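Worksheet for the structure shown next.
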Amino acid sequence: MTEYLIKNGFVFDPVLKLKGEKADVAIRDGKIVETTEVKKPKVIDASGMTVMAGGVEIHAHIAGPKVNSGRIFRPEDKLFNTVPVKKNMRAQGGFSIPTTYKTGYAYAQLGYTTAMEAAMPPLFARHVHEEMRDTPILDEGAYPVFGNNWFVLEYIKNREVENTAAYIAWLLRATKGYAVKSVNPGGTEAWGWGLNCLQVNDPVPYFDVTPDEITRGLIEANEYLGLPHSLHIHGNNLGNPGNYTTTLDTLKAASGQKAKNKFGRETILHHTHVQFHSYGGDKWANFESKAREIIDYINKHKNITADVGFVTLDETTTMTADGPFEYHLSQLNHLKWVNADVELETAAGVVPYVYSPDIFVCGVQWAIGLEIALLAKDPMRVFISTDHPNAGPFTRYPRILKWLMSAKAREEQIKAFKQSDKVVNSSEIAGIDRELDLYEVAAMTRAGPAKCLGLSHLYGSLKPGVDGDVAVYDFNPEKEHTPDQIEKAFSSVKYLFKRGEKIIDNHEIVSHGNKRTLWVDVKVNENLQVMRDIQEKFMKYYTVTLGNYEVHGRHFIPNPFALEVDATR
Amino acid sequence: MSTVTLVAKAKPQLFLEMESVTPDAFAGKKASDIAELPVYEGNTTLRLADFFEVRGDGGTTAADTKIVIKGDATRLKYVGMRMTAGEIEVEGSIDQYVGAWMEGGRIHVHGNTDAFTGVGMKGGEILIDGNAGNYLGAAYRGDWRGMQGGRIHVKGNAGSDIGYYMNGGTIVVEGDVDVHVGSHMDGGRIVIKGNAKSKVGGQMVTGEIFILGTLEVMMPGFIYRKDVDIEVEGVNGKFALFEGDTAERHPKKKGQTVYGRLYLKV
């Protein structure tokens, strides 16, 4: 394979503690190597530019049935933005729910090389994998959802951690999943009875288990197995005024517990899109930010990580396995909606949403996202996300960087709100003058997510031995920049390498790379009870047979990459 | 005002997508530059000059520019799409999406238009001397933002699904209309001087529909309120006022529920 030497760039790498020092980065055989180990490299002159590892997306909805439902029922999302076939590129379209090809290209153009699909309904894992297969460039994995799964609810009710763990191991293998995801634990199942679990102690109908018990049970099973990623949770009561207390209750499930794994992960609970879970007030009229309460708790508890879910003030498409939430959202904005039940496993909803800068609540939501990131003390534990496409499309990351890196940019946006005074009075954003630097950005977008995913041996850094994923931005950190120059520089990477292959050359896509699908292969002791339960539930309840359920073969995963875990005792 | 005349000289094999034919795109351009503007036939990009003889230069601004299309226009789509000012005159009949998402200015079609005329229109005026097709002043597929402003006047008849998801502006049809009028309508006004068939105002939230001729079948979600004497589009008379669609949600204003209003001439 071609050797590369990326010379004289300003390198930002929290793992190597490089804070913009000029350094050279060498790539050989798809890996980062010492600069002395390349013999006849192609030299990339990165002088005056910013060099980082490839970005790692920890939470986005980019493949599978609910993304596709969004695409199908929102043809207007592709209006005026389709791009015909170009050299090296397939046709593209869509803004908030882009086509698979656009998803791959657009992440690459932002300097990202890895992305995780945040909610895979196990029954439709095949669909998720087919879409990931058709998303070029990126290494991808998907998190199957467990928080409303009948097996899990029963095993947790009976406090059978070994059975929960054995079932998780089986499902990760059957669906080629990456991590344990829990969405509105218990609440989505309760939705089948027309109910919800808004608080962590609300019992799930029939199963008679609570969200708190589900969360604790899943954390226990996750650490019993020693999976690369921690439990990845979307807590109860998302999106409602006053929900921050529920969020604190959810986070308390992690207290006093330590991570057990061989992947270098030190945290045991990842709370996703905390922006949606940091709301005060008790109705929309007195809606206010409780970002400080949430981020203070996260700052103090080092076994928790979070991603933000920044509101980008765009027209977008919300989609989540939180079925009841999507129904309530459709009753608020009266737009079209999709709601679906997934047999024994989960549910989902999709609703278009316009985050308008003219609406007070949207302004406060915008402020909350930024407050969380700006008040975070450890950028290795708080990550950048838009919960794409829920709070906005991921293509807005450069705009988020602008807001995070420039107090002036935030001031301009606050002034542009129609109800500027109300937004300022209901949040702290106007009083925060912190501006993030690129070292912190590199932690929040690369090193942090990679570590939390148990993937720091592959991604998130430029230390010798990790994958040759490198992004070079035409941005000189020693110069002054206007807010719009920041946004522009991070919108289009100048060079991008994925596993040592040049993907973007001078802002142009030159290769589709050779993407991999990441999954976690866990060995556990033979568990006859769980195997019998699986057989029985498929016989009795599922509409498909086991043979039509499992994901296997090159059709679904042409290029698998398994992280192996031995959890036998 | 400067006039640019496009004289059809070749008939496209397929349909031509002509979103570059607007006063906005022509303004500030010489005839020779206008002739180079792109048009799309299937997946092939061609030049305006491949199908039209271009006579006259554009004005300095869109408001200053008038476009006249002579000859067969029945295979032209998207003429006047997203225009903000100026004028377009089509001497014959034209295909779909005339004045789609138009924001200002004026379009006059001497013949008929096909479907999606004035779809998502925000402002300006469209005058059709002949008949209009389906989805007049409607929303684009999937969108909930149909016609939002401006005025469409059809001297002949109109097809089905006119004013679908309309939420502003005025549509006047002097002749008859087919089924589905103002479905999901939430604002705006539709005036039908001729006769309507059925499914008028289905899932209508707010807005007004006037029928001066007959209505074959009233939707069951509409309730008769009272007779009123009013003037609409130059016609005075007594109308039966119905409110609905009661099967749909309705906003409240000052404690009162606001319904869609359907006026039927008595």
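All of these numbers come straight from a predicted model, not from anything done at the bench. Chain A is the first sequence line, chain B the second, and so forth, proteins listed ahead of strands; every chain is numbered from 1.
- Side chains of Y263(B) and R261(B): a donor on one and an acceptor on the other come within 3.5 Å.
- Applying the salt bridge (charged side-chain N to carboxylate O under 4.0 Å, His left out) test to R133(A) and every residue at least two apart in sequence or in another chain returns nothing.
- Annotation: residues 312-341 of chain A contacts chain B through E315(A), H334(A), L335(A), K336(A) [non-hydrogen atoms, separation under 4.5 Å].
- Taking the centre and axis of the six-membered ring of Y97(B), the NZ or CZ atom of K77(B) falls outside the cone set by 45° and 6.0 Å.
- Between the side chains of H61(A) and D387(A), at least one donor N or O sits under 3.5 Å from an acceptor N or O.
- Other residues, nucleotides and ligands place no more than 12 heavy atoms under 6.0 Å from the CG atom of N43(B).
- The closest side-chain donor-acceptor pair between H512(A) and Y105(A) falls under 3.5 angstrom.
- Side chain of E117(A) to backbone of I62(A): a donor-acceptor contact under 3.5 angstrom is found.
- No part of P84(A) comes within reach of chain B, as not one of its non-hydrogen atoms sits under 4.5 angstrom from that chain.
- The most heavy-atom pairs under 4.5 Å with chain A, out of R141(B), R145(B), R82(B), come from R82(B).
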